[in-house]
Amino acid sequence: MWLGYVGILSYLDIRSLLTIFNAYTLTAVVVSVIGIVAYFSKIESLDFLLYGSARIKSFFKDPNVFGPFLIPPAGYVLWRSSKKNITIFKTIILILTYIILTTGVLLSFSRAAWGNYVIVMTFFILFVNSKYINKLKLIIILIAILVPFLNYLINNTEAGELFNRRTSLQTYDEDRFSEQQKAIDYLELYPLGFGPGQSEEFLKQSTHSLYIRVFTENGFIGGLIIILFLITTLLRSLVISRQAPEKYREFYKLVTICIIGIIFNSFFVDTLHWRHLWFLLAIPWMNIKNKG
């Protein structure tokens with residue numbers, strides 16, 4: 001999948017990449033709105049969009065995939081809203097889009113997605129907006145809009161009770177940690193791994209970690225290769241964020257931050273088959289010379 005993305009991106013320039021991100025953002029907004037409507041409407045025919053009637057998953061397999069999918073577009077609309085010469089109308093649209101995506105992440109009740117979100121937004125404020133005044137303006141806007149909205153959502157809807165439960169250890173967390181320890185123990189018996197896709201055959205449940213899954217299925221060699229690949233891609237992304245045309249450097253910084261966020265997310269969720277993971281990891285490998 002990664003090779004496919006790299007092959008496609010090699011034929012595109014940066015402006016085409018931004019067009020793809022616009023489509024990605026539109027898709028994220030649509031699935032978020034549909035999921036939010038299903039969550040608050042309580043219409044039984046829309047229950048298939050929810051996980052256990054309490055968490056939004058929209059058209060995704062589960063909330064742990066849905067929530068992280070929305071984070072790169074959320075960062076993207078923040079980047080767009082911080083650009084110069086943007087009209088008030090566009091700013092309002094982008095802020096509303098950001099609120100919708102943030103609501104989707106929150107109502108996924110995915111703790112890994114929440115951590116991913118905090119990392120991306122914190123790094124965005126610290127490193128993407130280069131001017132102090134832009135950072136201050138963005139912080140004020142986020143506080144003025146998000147804090148009252150989230151306060152209402154948590155304290156005046158059914159989401160509040162589940163939010164309080166999800167911020168503490170769950171009863172199934174012990175089972176998850178036990179299975180992860182068992183998976184690590186298997187490395188002593190199968191140092192070369194017990195084969196791709198065989199986790200569910202050896203374990204009672206998924207490993208809930210990209211790294212544990214890769215190590216146990218592909219052995220020490222496979223595990224070290226994926227770690228080396230992630231580090232190399234991250235370093236390349238950092239280099240490109242400095243080499244890209246000046247007006248696009250902040251966009252590449254955003255991509256780098258999103259990669260950091262999803263690397264963190266992968267400690268707690270098996271992200272191996274996430275299409276947007278491989279899409280983000282392919283961007284640093286596109287040739288930006290003489291493009292854009």
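Side chains included, hydrogens not; waters and symmetry mates left out as well; all remaining heavy atoms used. Quantities reported herein were computed from a predicted structural model and do not represent experimental measurements.
- In terms of hydrophobic clustering, with Ile, Leu, Val, Met, Phe, Trp and Tyr side chains grouped at heavy-atom distances under 4.5 Å, Leu238 and Phe229 are assigned to a common cluster.
- Using a 4.5 Å cut-off on side-chain heavy atoms (C-beta onward), Tyr51 and Phe60 make no contact.
- The side-chain heavy atoms of Ile14 and Pro245, taken from C-beta on, include a pair separated by under 4.5 Å.
- The two residues Leu46 and Ser41 come nearest to each other via the heavy atoms CD1-OG, 3.9 Å.
- Atoms OH and CG, on Tyr39 and Leu50 in that order, are 8.5 Å from each other to the nearest 0.5 Å.
- Of the possible donor and acceptor atoms, one in the side chain of Asn218 sits under 3.5 Å from a partner among the backbone N and O of Val214.
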Residue pair Ser16, Asp13: steps toward the side-chain hydrogen bond (donor to acceptor under 3.5 Å, both in side chains) verdict: CA-CA 5 Å; Ser16 298; Asp13 58 18; 2.9 Å; yes
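- Residue Ser108 comes nearest to Phe66 through the heavy atom pair CB-CD2, 3.9 Å, listed as atom of the first residue, atom of the second, then distance.
- Interatomic distance, CZ of Phe69 versus NE2 of His276, reported as 7.0 Å (0.5 Å rounding).
- Of the possible donor and acceptor atoms, none in the side chain of Thr122 sits under 3.5 Å from a partner among the backbone N and O of Ile119.
- No chain of hydrophobic side-chain contacts below 4.5 Å, direct or via other Ile, Leu, Val, Met, Phe, Trp or Tyr residues, connects Ile263 to Val239.
- Here CG of Leu78 is found 8.5 Å from CG of Leu254. Values are rounded to the nearest 0.5 Å.
- Of the possible polar contacts, one joining the Ser209 side chain to the Phe267 backbone as a donor-acceptor pair under 3.5 Å is found.
- The side-chain heavy atoms of Pro72 and Leu280, taken from C-beta on, include a pair separated by under 4.5 Å.
- Between Tyr248 and Leu18, some side-chain heavy-atom pair lies under the 4.5 Å cut-off.
- Partner of Val255 under the side chain to side chain contact (heavy atoms under 4.5 Å, CB included) criterion, chosen from Ile283, Ile260, Leu17: Ile283.
- In the hydrophobic clustering (ILVMFWY side chains linked at under 4.5 Å, chained through shared members), Leu192 is joined by Ile221, Ile225.
- Listed by chain and number, the hydrophobic cluster partners of Leu96 are Ile88, Ile92, where partners are ILVMFWY side chains within reach of under 4.5 Å, directly or through others.
- No hydrogens or angles considered: a donor-acceptor pair under 3.5 Å links the side chains of Arg80 and Asn22.
- Contact between Leu12 and Met286 at its shortest, heavy atoms only, is O-CE, 3.6 Å.
- Distance check: Ser237 OG to Ile257 CD1 gives 9.5 Å after rounding to the nearest 0.5 Å.
- Of all heavy-atom pairs between Asn265 and Pro68, the closest is OD1-CG, 3.2 Å.
- Arg249 places no side-chain N or O within 3.5 Å of a backbone atom of Ser241 that could act as its donor or acceptor partner.
- Judged purely by atom type and a 3.5 angstrom limit, Trp285 has no side-chain atom pairing as donor or acceptor with the backbone of Leu3.
- Residues Phe279 and Trp2 have side chains not in contact (no heavy-atom distance under 4.5 Å, counting atoms from C-beta outward).
- In terms of heavy-atom proximity, Ile36 sits nearest to Ile100 at CD1-O, 3.9 Å.
- For the pair Asp62 and Lys57, the salt-bridge criterion is not met [side-chain N within less than 4.0 Å of a carboxylate O].
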Stepwise ring pair (Phe, Tyr, Trp, His ring centres under 6.0 Å) check, Trp79 with Tyr76: CA-CA 5 Å; Trp79 172 68; Tyr76 178 69; 5.8 Å; yes
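- With hydrogens and angles disregarded, no donor-acceptor distance shorter than 3.5 Å links the side chain of Thr271 to the backbone of Trp274.
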Practice item. List the steps and the verdict of side-chain hydrogen bond (donor to acceptor under 3.5 Å, both in side chains) for Thr91 and Ser81. Key: CA-CA 6 Å; Thr91 300; Ser81 67; over 6 Å; no
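- In this structure, the side chain of Ser58 engages the main chain of Val31 through a donor-acceptor pair within 3.5 Å.
- Ala113 approaches Val105 most closely through the heavy-atom pair O-CG1, 4.2 Å.
- Hydrophobic cluster membership differs between Leu277 and Leu228, with clusters built from Ile, Leu, Val, Met, Phe, Trp and Tyr side chains linked at under 4.5 angstrom.
- Distance CG/Leu94 to CD1/Ile86: 4.5 Å, rounded to 0.5 Å.
- Within the 4.5 Å cutoff, the side chain of Tyr5 has no heavy atoms near those of the Leu281 side chain.
- Contact annotation: the side chain of Ile93 never approaches that of Val77 to less than 4.5 Å [non-hydrogen atoms, C-beta and beyond].
- One N or O on the side chain of Arg236 and one on the backbone of Pro284 form a donor-acceptor pair closer than 3.5 Å.
- Side-chain N or O atoms of Tyr98 include none that pairs as donor or acceptor with a backbone N or O of Gly75 at under 3.5 Å.
- Within the 3.5 Å criterion, the main-chain N or O of Leu272 finds a donor-acceptor partner in the side chain of Trp278.
- Note that CD1 of Ile71 is 8.0 Å distant from OG of Ser110, once rounded to the nearest 0.5 Å.
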